[in-house]
Amino acid sequence: MSQPSLVVGNVNWFKYASPQSFYPLAGAMIPWFAWAAAALCAAGLYVGFFVAPTDHQQGESYRIIFIHVPAAWMSMFLYLVMAFWAGVGLVFNTRLSHMMASALAPTGALFTFLALWTGSLWGKPTWGTWWVWDARLTSELILLFLYFGFMALKAAIDDPRRADRAGAVLALVGVVNIPIIYYSVEWWNTLHQGASVSLTRAPTMAATMLTGMLLMALAAWMYSIAASLHRVRSVILERERGADWLRAL
Amino acid sequence: MSWASWSDFFAMGGYAVYVWGSYAVTAGLILAEVIMLGIRKRAAKARLAAGRGAGMP
């Protein structure tokens, strides 16, 4: 059987669609992303706690923003990436794409939980309540259940190929929730404030606060890549046990 | 710099529970994920080695 090929810029990109080629590549990339995450996190915490000023309305409680917003962004972004790879796996029938989707789900669920947790701890002093069933909070909670549902569904089906396809359909259907989360603060009346940072308007916060938040968001991004690459290597080892290249490893 | 002293820093202007509650749980869960990643990797490698020893795929 001939390998499919997608040659762009003298590189056959489908080469890396095989778990055998991707396994060492992922292994080589992990330390770079992990160190980038650690350095960006250290810089972000320094700016967030020692450079950014006290907020004149919220006092020091606003410093939760340096976790809350990056976690919320990653929770949505990782879902889109997960659904993208699940969709690619569904269309091109590539095993590695489904493995990548599996590897992203736990980290996505982690950031979703952290967005909810830190939001709750921020809501209490600023809104006077830990939780309210409004559009933003409820749709973010549904996102957590989508991650759990995706993982549980894949774990519940014994045949990995069927589990991949069923999980991919669930992931793709769940994508509808992402714009609902993102636009919920515009579409409905909600306690949650609108976006502080937008591509079309100047940010509504001090420059140093924004810098700290963006550094932490980059740190979360780099961490997610490192964690997902690490997990996908384990998934490869688990699922390709019978492959010759692994027996030689 | 907003802090006069370290105790001032840890007090977080009276919001210590909320701010440190957020940061501690985040740090704890990320540490837990890193540990679980290591455990899963070691388990996968051990299973692979066991299968190889038994002559099984």
Side-chain angles (χ1 to χ4, degrees), chain A residues 30 34 37 41 45 48-55 58-68 70-71 103 106-107 109-111 113-115 117-126 216 220 223 226-231 233-244 246-249, chain B:
Chain A
I30 291 167
C41 181
L45 289 175
F49 280 106
F50 298 106
V51 180
T54 303
D55 187 75
Q58 299 191 16
E60 309 299 351
S61 69
Y62 94 89
R63 292 186 200 274
I64 294 170
I65 202 175
F66 301 116
I67 306 180
H68 178 73
T107 303
L110 170 74
F111 279 113
F113 176 81
L114 287 176
W117 175 264
T118 56
S120 184
L121 280 168
W122 199 1
K124 185 64 183 168
T126 47
M216 291 300 277
Y223 170 79
S228 308
L229 288 176
H230 196 283
R231 190 176 289 107
R233 275 163 58 93
S234 296
V235 175
I236 290 172
L237 292 182
E238 289 159 10
R239 286 190 47 180
E240 305 280 296
R241 276 202 310 285
D244 287 337
L246 268 181
R247 273 185 275 187
L249 198 71
Chain B
M1 179 81 77
S2 319
W3 322 108
S5 66
W6 280 108
S7 59
D8 196 24
F9 175 72
F10 289 116
M12 273 295 140
Y15 295 108
V17 173
Y18 307 106
V19 175
W20 299 128
S22 297
Y23 281 82
V25 169
T26 301
L29 284 180
I30 285 180
L31 189 68
E33 185 182 28
V34 170
I35 291 169
M36 282 163 71
L37 282 170
I39 291 172
R40 184 167 179 181
K41 185 63 168 293
R42 277 197 297 281
K45 284 196 162 165
R47 249 179 103 181
L48 206 61
R52 203 183 289 141
M56 291 279 293

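Atom set for the values below is all heavy atoms of this structure, side chains included, hydrogens, waters and symmetry mates excluded. A note on names: the letters A, B, ... follow the listed sequences, proteins ahead of strands, and every chain is numbered from 1. Because the structure is a prediction, the values reported are computed rather than measured.
- Both the backbone and the side chain of Y18(B) come within contact range of chain A, with heavy atoms under 4.5 Å apart.
- Contacts of F9(B) with chain A are made by side-chain atoms alone, with heavy-atom separations under 4.5 Å and no backbone atom involved.
- If you measure heavy-atom distances from W117(A) to chain B, the contacts under 4.5 Å come from the side chain alone.
- Side-chain contact between I64(A) and Y15(B) is absent, with no heavy atoms from C-beta onward closer than 4.5 Å.
- Of the listed residues (A227(A), A52(A), P106(A), P125(A)), the one with the most heavy-atom contacts under 4.5 Å to chain B is P125(A).
- No part of S120(A) comes within reach of chain B, as not one of its non-hydrogen atoms sits under 4.5 angstrom from that chain.
- Of the inter-residue distances, the one linking L114(A) atom CG with Y23(B) atom OH reads 12.0 Å to the nearest 0.5 angstrom.
- Closest approach of S22(B) to T118(A), counting heavy atoms only: CB-CG2, 3.7 Å.
- In terms of non-hydrogen atom pairs under 4.5 Å with chain B, the most contact-rich of K124(A), E60(A), R231(A) is E60(A).
- The two atoms that bring S234(A) and L37(B) nearest to each other are OG-O, 4.4 Å, heavy atoms only.
- Closest approach of S61(A) to V19(B), counting heavy atoms only: CA-CG2, 4.0 Å.
- The only option from K41(B), R47(B), R40(B) that meets the side-chain hydrogen bond (donor to acceptor under 3.5 Å, both in side chains) definition with E238(A) turns out to be R40(B).
- Residue with the most contacts toward chain A among L29(B), T26(B), V34(B): T26(B) (heavy-atom pairs, distance under 4.5 Å).
- In terms of heavy-atom pairs under 4.5 angstrom with chain B, the leader among F66(A), Y223(A), F111(A) is Y223(A).
- Centroid-to-centroid, the aromatic rings of W6(B) and F49(A) stay 6.0 Å apart or farther.
- For L110(A), the part sitting under 4.5 Å from any heavy atom of chain B is the side chain, from C-beta outward, and nothing else.
- At a 4.5 Å heavy-atom cutoff, the contact between L45(A) and chain B is made by side-chain atoms alone.
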